[in-house]
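These notes are about the structure you will find just below.
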Amino acid sequence: MTKLASHQACRNREIIGCNWCVEGADWYCNSCRLTRTIPNLGSTRNIMLWRRMEEAKRRLLYDLGRLRLPLASRTGEQLAFDILSDEVSPILTGHLSGLITLNLAEADDVERESRRVAFREPYRTLLGHFRHEIGHFYWDLLVDGTTFQAPFKLIFGDQAQDYQAAINTYYSRADRSYDRSGFISEYATSHPWEDWAETFAHFLHIVSTLDSLAGLPLSLDERARQTLTDPYLESDFEALLALWMPLARSINELNRSLGMSDAYPFDISPAVKGKLHLVHMAISAFRDQQSLAA
Ligand SMILES: [Zn+2]
Ligand SMILES: [Zn+2]
């Protein structure tokens with residue numbers, strides 16, 4: 001007897017250990033089928049690196065599902081991923097009209113860590129790349145042409161300024177100091193779109209980590225337990241932050257006790273808090289509209 005299609009493992013289980021199942025008659029799971037281009041699999045190293053990429057991508061797609069965000073743009077373009085190896089030509093990580101390109105080399109711990117040090121970043125992870133790039137995708141959907149456009153301009157700045165010129169200026173800057181009270185990271189200072197993408201990634205870091213906290217045997221008050229029922233859908237932004245701030249400090253302390261660097265090497269200043277709040281409002285407003293329309 002053949003098994004029901006919906007119970008079958010993703011076709012990528014054997015090669016990269018994908019642990020998702022397929023829906024319907026598809027061969028690939030809801031995450032793997034969004035990968036439009038896979039890297040050159042001529043070496044076992046590339047296969048191993050691709051495996052790590054897809055692992056991080058599944059986490060991202062899990063976040064998006066929990067936030068009930070769609071995987072298509074307003075004009076119906078499906079979100080897609082190109083995961084490419086830079087053996088032949090350089091690959092730039094980025095987003096363009098729903099297509100997210102990732103450089104396979106970022107999955108190599110030594111490579112990624114040396115880039116992190118070279119760019120003087122406190123944090124560089126695969127999941128962080130995915131959560132940043134998806135922020136660009138959702139700017140088009142959640143902010144552009146919506147009631148959030150004016151507040152965005154006020155809080156993040158005017159996105160109409162020349163993007164490429166701003167990025168070039170950013171990379172040619174000799175002085176790497178920046179206003180830490182206004183931005184979550186140095187890269188966020190490069191252009192309002194990058195500030196949004198960085199902030200969006202942090203919003204995902206927060207709700208996802210709080211969601212993991214929900215499974216720990218901790219004694220929490222009633223309000224905290226209520227938030228942890230589903231941090232992705234918590235409507236009270238202050239309640240999210242009230243849980244996140246002490247948790248972030250504790251994770252860092254735990255890491256230091258283990259002789260490791262801070263897991264969350266960031267400060268959420270009042271200005272950054274305002275930006276995160278806008279991300280939260282834009283996601284919630286979109287979800288409310290969708291459920292009204294349904
Ligand atoms: Zn899969
Ligand atoms: Zn970006």
Side-chain angles (χ1 to χ4, degrees), residues 52 55-64 66-67 93 106-107 109 112-136 138 155-156 176-190 194-218 220 224 227-228 230-234 236-280 283:
R52 291 182 189 164
E55 216 172 279
K57 180 161 142 275
R58 285 196 298 279
R59 275 194 182 268
L60 170 77
L61 287 162
Y62 177 80
D63 290 336
L64 304 181
R66 290 286 301 274
L67 288 169
T93 292
E106 288 286 336
D109 294 340
R112 191 183 56 258
E113 188 61 9
S114 71
R115 282 168 204 212
R116 187 187 70 74
V117 174
F119 294 132
R120 278 178 264 192
E121 293 171 347
Y123 173 99
R124 192 176 179 97
T125 65
L126 278 186
L127 188 53
H129 283 316
F130 277 108
R131 285 178 173 161
H132 172 102
E133 297 307 332
I134 204 73
H136 290 302
Y138 285 118
I155 296 172
F156 288 83
R176 310 306 298 186
S177 63
Y178 70 99
D179 170 18
R180 282 169 194 274
S181 68
F183 299 88
I184 192 71
S185 68
E186 188 186 356
Y187 190 55
T189 65
S190 60
E194 294 306 338
D195 193 5
W196 163 269
E198 285 287 272
T199 310
F200 193 92
H202 277 262
F203 183 75
L204 295 188
H205 294 335
I206 292 170
V207 287
S208 164
T209 310
L210 286 178
D211 196 51
S212 298
L213 176 69
L216 292 176
L218 299 171
L220 295 160
T227 298
L228 293 185
D230 194 343
Y232 288 93
L233 299 183
E234 169 63 64
D236 182 350
F237 176 74
E238 291 294 337
L240 277 178
L241 264 263
L243 266 175
W244 174 249
M245 303 289 240
L247 175 66
R249 272 196 302 277
S250 308
I251 304 173
N252 288 345
E253 290 296 342
L254 291 174
N255 264 29
R256 288 174 203 175
S257 301
L258 289 166
M260 295 171 75
S261 44
D262 288 2
Y264 191 77
F266 301 99
D267 263 339
I268 297 184
S269 67
V272 168
K273 196 172 153 186
K275 290 174 181 179
L276 279 166
H277 198 174
L278 190 96
V279 169
H280 180 252
I283 294 174

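Note that this is a predicted model, so its numbers are computed, not measured. Reckoned from all heavy atoms, side chains included, excluding hydrogens, waters and symmetry mates.
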### Query
Quick one: CG on Leu204 to OH on Tyr232, what's the gap to the nearest 0.5 Å?
7.5 Å
#### Entry: Interatomic spacing from CG in Leu127 to NE2 in His205 - rounded to 0.5 Å
7.0 Å
### Task
Kindly compute the distance separating OG1 (Thr199) from CG (Leu278), expressed to the nearest 0.5 Å.
9.5 Å
### Sequence neighbours excluded, every pair satisfying side chain to side chain donor-acceptor pair (under 3.5 Å) that has a member inside residues 269-278
Asp195-Lys275, Glu238-Lys273
### Task
Tell me, please, which residues at least two apart from Glu234 pass side chain to side chain donor-acceptor pair (under 3.5 Å).
Arg223, Thr227
#### Entry: With Leu233 via side chain to side chain contact (heavy atoms under 4.5 Å, CB included) - residues at least two apart
Arg68, Asp230, Arg287
### Task
Decide yes or no for Thr189 and Asp179: does some side-chain heavy atom of the first lie under 4.5 Å from some side-chain heavy atom of the second?
no
### Query
So, for Pro122 and Pro265, which heavy atoms are closest and what is the spacing to 0.1 Å?
O-CG, 3.5 Å
### Message
Among residues at least two apart in sequence or on other chains, which ones pass side chain to side chain contact (heavy atoms under 4.5 Å, CB included) with Ser212?
### Response
none
### Summary
Taken to the nearest 0.5 Å, the spacing of Tyr187 OH from Tyr178 OH works out to 14.0 Å
### Query
Is there side-chain contact between Ile206 and Leu276, with heavy atoms separated by less than 4.5 Å?
yes
### Task
Taking the side chain as every heavy atom from C-beta outward, state whether Asp63 and Ile134 have any pair of such atoms under 4.5 Å apart.
no
### Working for side-chain contact (heavy atoms from CB on, under 4.5 Å), residues Leu64 and Tyr138
CA-CA 11 Å; Leu64 304 181; Tyr138 285 118; 3.6 Å; yes
#### Entry: Residues that Phe183 engages under ring-ring contact (aromatic ring centres under 6.0 Å, His included), provided they are two or more places apart
none
### Query
Which residues pass the side chain to side chain donor-acceptor pair (under 3.5 Å) test with His136, sequence neighbours left out?
His132, Glu194
## Note on the structure
side chain to side chain donor-acceptor pair (under 3.5 Å) filter on Asn252, not counting sequence neighbours, yields none
## Note on the structure
Correct closest heavy-atom pair for Ser181 and Ala271 would be O-CB, 3.2 Å
### Message
Could you measure the distance from the CE atom of Met245 to the OG atom of Ser250? Nearest 0.5 Å is fine.
### Response
12.5 Å
### Task
Apply side chain to side chain donor-acceptor pair (under 3.5 Å) to His129 and list each qualifying residue two or more places apart in sequence or on a separate chain.
Glu106
## Note on the structure
Residues passing the side chain to side chain contact (heavy atoms under 4.5 Å, CB included) test with Glu253, sequence neighbours excluded, are Arg256
#### Entry: Exceeds 12 heavy-atom contacts within 6.0 angstrom, atom CZ of Arg176
yes
### Query
What is the minimum heavy-atom distance between Ala214 and Leu228, and which atoms define it?
CB-O, 3.5 Å
### Query
salt bridge (charged side-chain N to carboxylate O under 4.0 Å, His left out): which pairs involve residues 197-216, sequence neighbours left out?
Arg66-Asp211
### Message
Could you check whether any side-chain heavy atom of Phe119 comes within less than 4.5 Å of a side-chain heavy atom of Arg124, counting everything from C-beta outward?
### Response
yes
### Task
Decide yes or no for Asp262 and Tyr123: does some side-chain heavy atom of the first lie under 4.5 Å from some side-chain heavy atom of the second?
no
### Query
Looking at CZ of Phe200 and CD1 of Ile184, how far apart are the two atoms once the value is rounded to the nearest 0.5 Å?
15.0 Å
### Query
Who pairs with Arg52 by side chain to side chain contact (heavy atoms under 4.5 Å, CB included), at least two apart in sequence or on another chain?
Met48, Leu49, Ala107, Asp109, Leu126
### Task
Not counting sequence neighbours, which residues clear ring-ring contact (aromatic ring centres under 6.0 Å, His included) with Tyr264? List them please.
His202, Trp244, Phe266
